[in-house]
Number of protein chains: 2
Amino acid sequence: MPSKPLSPITMDAVYAAPGYLFRRMQQIAVSIFMEECKAFDLTPVQYAALIAIHTHPGIDATRLSAVIAFDRSTLGSVIERLLAKGYIERKPAPEDKRIKLLHLTKQGVAILREIIPAVERAQARMLEPLKPAERKALMGLMSQLVDLNNEASRVPLRAEDALEHLGKAG
Amino acid sequence: MPSKPLSPITMDAVYAAPGYLFRRMQQIAVSIFMEECKAFDLTPVQYAALIAIHTHPGIDATRLSAVIAFDRSTLGSVIERLLAKGYIERKPAPEDKRIKLLHLTKQGVAILREIIPAVERAQARMLEPLKPAERKALMGLMSQLVDLNNEASRVPLRAEDALEHLGKAG
DNA sequence: GCTGGATCGTAAGTATACTGTCAATTAACA
DNA sequence: TGTTAATTGACAGTATACTTACGATCCAGC
């Protein structure tokens, strides 16, 4: 006589599941970003890529993917779009014919400067419904969880990889 | 003499941004789900759709999209895949020729029963790095935030829509 | 009873996100 | 040195996620 015949299978269980909440919040976050930044033709992913290339001029695509935790295949098309928009340029590396180095163009730097206030508004809006103390608590827990789960994702974040292109001293 | 010339534009600012953390955690959550459920040919989205159809037999695609907060267009292809796998069936509604009603097949019910333990393991693993009290706090804050931001997303959750197909008493 | 507006499913087009595989190139090693 | 291993960027294929548009159908108001 099993008192718990099987899991109940209710939608409430789905709505309370971590995976569901993370997916839903990601949906909402992208939506808010796109709304605040609609004047600029940039997606959240493209924005992150621009920031990373700005911070690490001359980085190559593989290292870039590690620095922003993007899948490398996906990043290829992201780079294509940023090239098409004229925000970045790609030059072959002299010492390694496989590698192509990435730099921001003048237009890339300009759009970055213009979009940053909109991005900051978007980031603030995502947490706006919470009280300040709650926002801080949530961001603290999320940072922890993302960091501790880093290896669980298919594309772990490797922030330190970005430095390798500057002289690769092990 | 601006003491804050512009935003510094560092990767650290990106890593601490809500939008980045939500995207990253969603990546990790999907990865863990797929790992735990790799014996079953089901994605997180397909799983949620199956649960919702099981909970609301005879629901149509539009209402289903509201119940699990999926984009209506995306849901079309999700349904196609579930049909192809034989987990659901689609029948025209007698009283409205536009509508197609969705039901689980025997195989759909079976796979759901089989996969649930794996899904529960996945959900637990996502929060595993945190202490129990932290898990509870995080889920509480996420539930709140997702709920309060519901209208900010392009596809707001409308759980109550699911009931309309049962006699639509306003 | 007919027409205008709403709704349903579908489709095309874009953008992530992942799986593989592949050729070219470089590095490591026997 | 010469073969193997690893790396880089590219491609094909699948799956979400969104936009807009379109035909079919239904309903409301006239």
Side-chain angles (χ1 to χ4, degrees), chain A residues 19 23-24 26-35 38 41-49 59-66 68-85 90-102 153-155 161 164-165 168 170, chain B residues 19 22-24 26-35 38 41-49 59-66 68-85 90-102 153-155 161 164-165 168:
Chain A
R23 182 183 70 81
R24 191 85 187 92
Q26 156 72 0
Q27 259 182 343
I28 291 166
V30 171
S31 183
I32 290 176
F33 183 103
M34 295 305 282
E35 204 174 303
K38 61 170 173 279
D41 189 25
L42 273 188
T43 66
V45 164
Q46 289 165 15
Y47 168 76
I59 197 171
D60 63 284
T62 296
R63 247 155 294 278
L64 179 59
S65 83
I68 46 187
F70 283 10
D71 179 76
R72 213 148 54 82
S73 300
T74 304
L75 189 59
S77 53
V78 174
I79 288 174
E80 285 303 322
R81 276 171 222 118
L82 289 175
L83 282 170
K85 290 175 186 174
R90 191 166 46 174
K91 290 183 283 197
E95 79 284 3
D96 190 334
K97 287 175 197 160
R98 293 170 304 176
I99 293 179
K100 295 176 179 175
L101 308 178
L102 301 170
S153 80
R154 298 287 180 160
V155 189
D161 275 20
E164 284 182 22
H165 69 114
K168 43 186 75 179
Chain B
F22 293 138
R23 181 183 70 79
R24 191 83 187 94
Q26 156 72 0
Q27 259 182 342
I28 290 166
V30 171
S31 183
I32 290 175
F33 183 103
M34 295 305 281
E35 203 174 304
K38 62 170 173 280
D41 189 26
L42 275 187
T43 66
V45 164
Q46 289 166 14
Y47 169 76
I59 197 170
D60 62 284
T62 296
R63 248 155 294 280
L64 179 59
S65 82
I68 46 187
F70 283 10
D71 178 77
R72 181 65 192 76
S73 299
T74 304
L75 188 58
S77 53
V78 174
I79 287 175
E80 285 303 322
R81 285 185 274 279
L82 289 174
L83 281 170
K85 291 175 186 174
R90 189 167 47 174
K91 291 182 282 196
E95 79 284 3
D96 189 336
K97 286 176 200 162
R98 294 170 304 178
I99 293 179
K100 295 174 179 175
L101 307 179
L102 301 170
S153 80
R154 298 286 179 163
V155 189
D161 276 20
E164 284 183 22
H165 70 114
K168 39 185 79 178

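Naming: A, B, ... by sequence-line order, numbering from 1 per chain. Note: hydrogens, waters and symmetry copies are ignored here, and every other heavy atom, side chains too, is used.
- For B/Lys100 and C/dT10, the shortest distance from a side-chain N or O to OP1 or OP2 is below 4.0 Å.
- The side chain of B/Gln26 places no N or O atom within less than 4.0 Å of a non-bridging phosphate oxygen (OP1 or OP2) of C/dA17.
- Distance B/Phe70 CZ to C/dG9 P: 16 Å, rounded to the nearest Å.
- Counting 5' to 3', DNA chain D first comes under 4.0 angstrom of a heavy atom of chain B and last does so at the ends given by D/dA15 to D/dC26.
- Per the geometry, CD1 belonging to B/Ile99 stands 12 Å off P belonging to C/dT10, to the nearest Å.
- Between B/Ile59 atom CD1 and C/dC8 atom C1' the separation is 14 Å, expressed in whole Å.
- Taking the side chain to side chain donor-acceptor pair (under 3.5 Å) definition, one finds that B/Thr43 meets it with nothing, sequence neighbours left out.
- For A/Ser73, there are no side chain to side chain donor-acceptor pair (under 3.5 Å) partners two or more places apart in sequence or in a different chain.
- If you find the closest nucleotide of DNA chain D to B/Arg98 and to B/Val155, the one lying nearer the 5' end belongs to B/Val155.
- In terms of heavy-atom proximity, B/Phe33 sits nearest to B/Leu42 at CE2-O, 3.7 Å.
- Contacts of A/Val30 with the nucleic acid, taken as non-hydrogen atoms under 4.0 Å apart, are absent.
- Annotation for B/Phe22 and A/Gln26: closest pair C-OE1, 3.8 Å, computed over non-hydrogen atoms.
- The separation between B/Leu102 atom CG and C/dC8 atom C1' is 12 Å, rounded to whole Å.
- Under the side chain to side chain donor-acceptor pair (under 3.5 Å) criterion, B/Thr74 pairs with B/Asp71, not counting sequence neighbours.
- The heavy-atom pair separating B/Ala49 from B/Ile68 by the smallest distance is CA-CD1, 3.8 Å.
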- Task: I would like to know whether B/Val155 and B/Arg72 meet side-chain contact (heavy atoms from CB on, under 4.5 Å); could you show each step before the answer?
- Result: CA-CA 8 Å; B/Val155 189; B/Arg72 181 65 192 76; over 6 Å; no
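- The interatomic distance linking A/Lys97 (NZ) with C/dA27 (C1') rounds to 15 Å, in whole Å.
- Taking the side chain to side chain donor-acceptor pair (under 3.5 Å) definition, one finds that A/Arg24 meets it with A/Gln27, B/Asn150, B/Ser153, sequence neighbours left out.
- Atom CZ in B/Arg63 sits roughly 9 Å away from atom C1' in C/dT7 (whole-Å rounding).
- Proximity of residues 72-85 of chain A to DNA chain D (heavy atom under 4.0 angstrom from any strand atom) is restricted to A/Arg72, A/Ser73.
- The NZ atom of B/Lys97 sits 14.0 Å away from the NZ atom of B/Lys100 when rounded to the nearest 0.5 Å.
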